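As the structure is a prediction and not an experimental result, all values here were calculated from the model.
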Amino acid sequence: MDEWPLTLDVEGLMAAGWRPTPFREFILKIHSRCDLACSYCYMYKMADSGWRDRPKTMSSEIVAATAQRIAEHVQAHGLPKIEGILHGGEPLLAGPMAIRRIVTGIRSAVGERTRVAVSLQTNGLLLDARYLRLFDELGIQVGVSLDGDEAAHDRNRRRADGRGSHRRVVEALGLLTGPPYRRVFAGLLCTIDLRNDPIDVYEALLEFDPPTIDFLLPHGNWTIPPPGRVPDDPATPYADWLIAVFNRWYDTPHDVPRVRMFDEIIHLLLGGASTTELVGLSPAAMVVVETDGAIEQTDLLKSAYHGAAATGLHVLRNSFDDALRLPTIVARQIGRAALAAQCRACRVSAVCGGGLYVHRYRAGSGFANPSVYCPDLFRLIAHIRSRVAADLAVARNPSSRSADETA
């Protein structure tokens, strides 16, 4: 029997008035290999080994077809802005010429009526002045992966021969954060390791004055749990780690970087809509193109099981609209209707949103489950709600604080 969402009745949803959300984020896997061997990597160390059979880089034919498919989608849906996200593997392995060709090709195909914002996520090993001049010229925003100080970072982010990568990443960040190129600095991405002290990690990231920090929960699910997360255990090690950082971040009186997870949760608690799949119920509007031209779902699904991200579609044969009616894509666009019954009954479901979709997988029932991080998410959201509610109460009645202080 097919696991959910393969059993999802898309035609029934359409008949009831549901309509898909067009893709606005196009994640291009411009290189399928990496120059690091990170211990927690979902691409190379988890369930899907499909990267072994893919070409290292996109051919000129695939680049051109992808650009035309994006333009076709933009025109069909009248999109004023889209995002092109250059990803890997390690995208800088593709080389400056390939990056220029891809970016200029997409922008040329889409035309001047639609803005194409481009970003790139790198491990930083190859980031140098040559690349930074190119990114500055093309207006490409650059995010760098950094897991903290040298000890924290090199715990997982090592080269294949075992050497750490921290020192080289710090050199690259020194160039990126300098006056000539700081305007292309998008922020830092940090994968949580419970063995690393949360405040030490946060302070190490602050040294580079990033505009944004993304803290990522290690990928895993009910069948292959992430480190330190025991399924059905009420303990909340990841919430404890994040709460320590949140309190430091929230209590700092001067300017601090945006921490995307915290900002999104606060925004949702105040009645806003989410802009990321991490939390909330907003429809996912991203699609992936692999180096061989395969159209896929988010590559994070590669941590669940072999082939989990596949759609069977290809840019040489299919439009992106063809993907919009696939049950696997629809499931990430229907919000509350995609949640497990346990989640729908939960009082924080509108904020949590069931957690990141990939973390819900369980062999046998598919993705129709709460997140494997459910206890952590509940505690983190409850803590943030309590802190925000207390401050809102004081804002409405300032005398309550002075009364408490004088008691």
Tell me yes or no: between the side chains of N123 and R157, is some donor less than 3.5 Å from an acceptor? no
For R167, does the CZ atom sit with more than 12 other heavy atoms under 6.0 Å from it, leaving out its own atoms? no
Closest non-hydrogen atom pair between A186 and P211, with its separation: O-CG, 3.4 Å
In short, A109 meets A71 closest at the heavy-atom pair O-CB, 3.4 Å
Considering all heavy atoms of both residues, which atom of T223 and which atom of N221 are nearest to each other, and what is their separation? N-OD1, 2.9 Å
Less than 4.5 Å apart, side chain to side chain, heavy atoms only: is that true for I99 and Y131? yes
Flag, side chain of K29 to backbone of V289, donor-acceptor distance under 3.5 Å: no
With distance as the sole test, does N397 use its side chain to make a donor-acceptor pair with the main-chain N or O of A393 at under 3.5 Å? no
Taking T275's backbone N and O only, do any of them form a donor-acceptor pair with E264's side chain (distance below 3.5 Å, no angle check)? yes
Kindly assign one of parallel, tilted or perpendicular to the pair Y305 and F367, based on the angle between their ring planes and the thresholds 30° and 60°. tilted
Cut-off 3.5 Å, side chains only: do Q121 and S145 have a donor facing an acceptor? yes
Cut-off 3.5 Å, side chains only: do D299 and Y42 have a donor facing an acceptor? yes
Donor-acceptor contact present, side-chain D147 to main-chain T191, <3.5 Å: yes
Quick one: sort the F23 and F320 rings into parallel, tilted or perpendicular, breaks at 30° and 60°. perpendicular
State whether the side chain of W18 and the backbone N or O of V10 hold a donor-acceptor pair below 3.5 Å, judged by distance alone. no
Step through the shown structure and confirm whether more than 12 heavy atoms of other residues, nucleotides or ligands are within 6.0 Å of CD on E203. yes
Anything under 30° is parallel, anything over 60° is perpendicular, the rest tilted; go ahead and classify Y238 against Y373. perpendicular
Has K45 got more than 12 heavy atoms of other residues, nucleotides or ligands less than 6.0 Å from its NZ? yes
Quick one: are L8 and I334 in side-chain contact, heavy atoms under 4.5 Å? yes
Are the side chain of R344 and the backbone of L339 linked by a donor-acceptor contact shorter than 3.5 Å? yes
H73 and S319 side chains, donor-acceptor separation under 3.5 Å: no
When you check the gap from the basic side-chain N to the acidic O, do D251 and R387 get nearer than 4.0 Å? yes
Can you see whether S39 engages N156 through a side-chain donor-acceptor pair at a distance of less than 3.5 angstrom? yes
N/O donor-acceptor pair under 3.5 Å between S32 side chain and T291 backbone: no
Is L206 close to P257 at the side-chain level, that is, under 4.5 Å between some pair of heavy atoms? yes
Looking only at atom types and distance, does a side-chain atom of S119 sit under 3.5 Å from a main-chain N or O of Q141, one as donor and one as acceptor? no
Taking all non-hydrogen atoms of both residues into account, name the closest pair between I295 and H314 and its distance. CD1-C, 3.9 Å
Neighbour count >12 (heavy atoms, 6.0 Å) for atom CZ, R19: yes
Any idea which heavy atoms bring C190 and V201 closest together, and the distance? SG-CG1, 3.7 Å
Give a yes or no answer on whether the side chain of E83 reaches the backbone of A117 with a donor-acceptor pair at less than 3.5 Å. no
Tell me which one of D292, T66, I62 satisfies side chain to side chain contact (heavy atoms under 4.5 Å, CB included) with L316. I62
Using a 3.5 Å distance criterion without hydrogens, assess whether the side chain of S303 forms a donor-acceptor pair with backbone atoms of L300. yes
L92 and its side chain to side chain contact (heavy atoms under 4.5 Å, CB included) partner, picked from D128, L86, L126: L126
Shortest non-hydrogen separation from Q333 to T21 and the atoms involved: OE1-N, 2.8 Å
Is there a side-chain contact between L173 and V144, using heavy atoms and a 4.5 Å cut-off? yes
Would you please classify the geometry between the Y357 ring and the W4 ring as parallel, tilted or perpendicular, with 30° and 60° separating the classes? tilted
Take W51 and Y44, measure what ring pair (Phe, Tyr, Trp, His ring centres under 6.0 Å) needs, and give me the verdict at the end. CA-CA 8 Å; W51 61 272; Y44 307 111; 4.8 Å; yes
Regarding R379 and D240, does a basic nitrogen lie under 4.0 Å from an acidic carboxylate oxygen? yes
Is a donor from one side chain sitting under 3.5 angstrom from an acceptor on the other, for D391 and Y250? yes
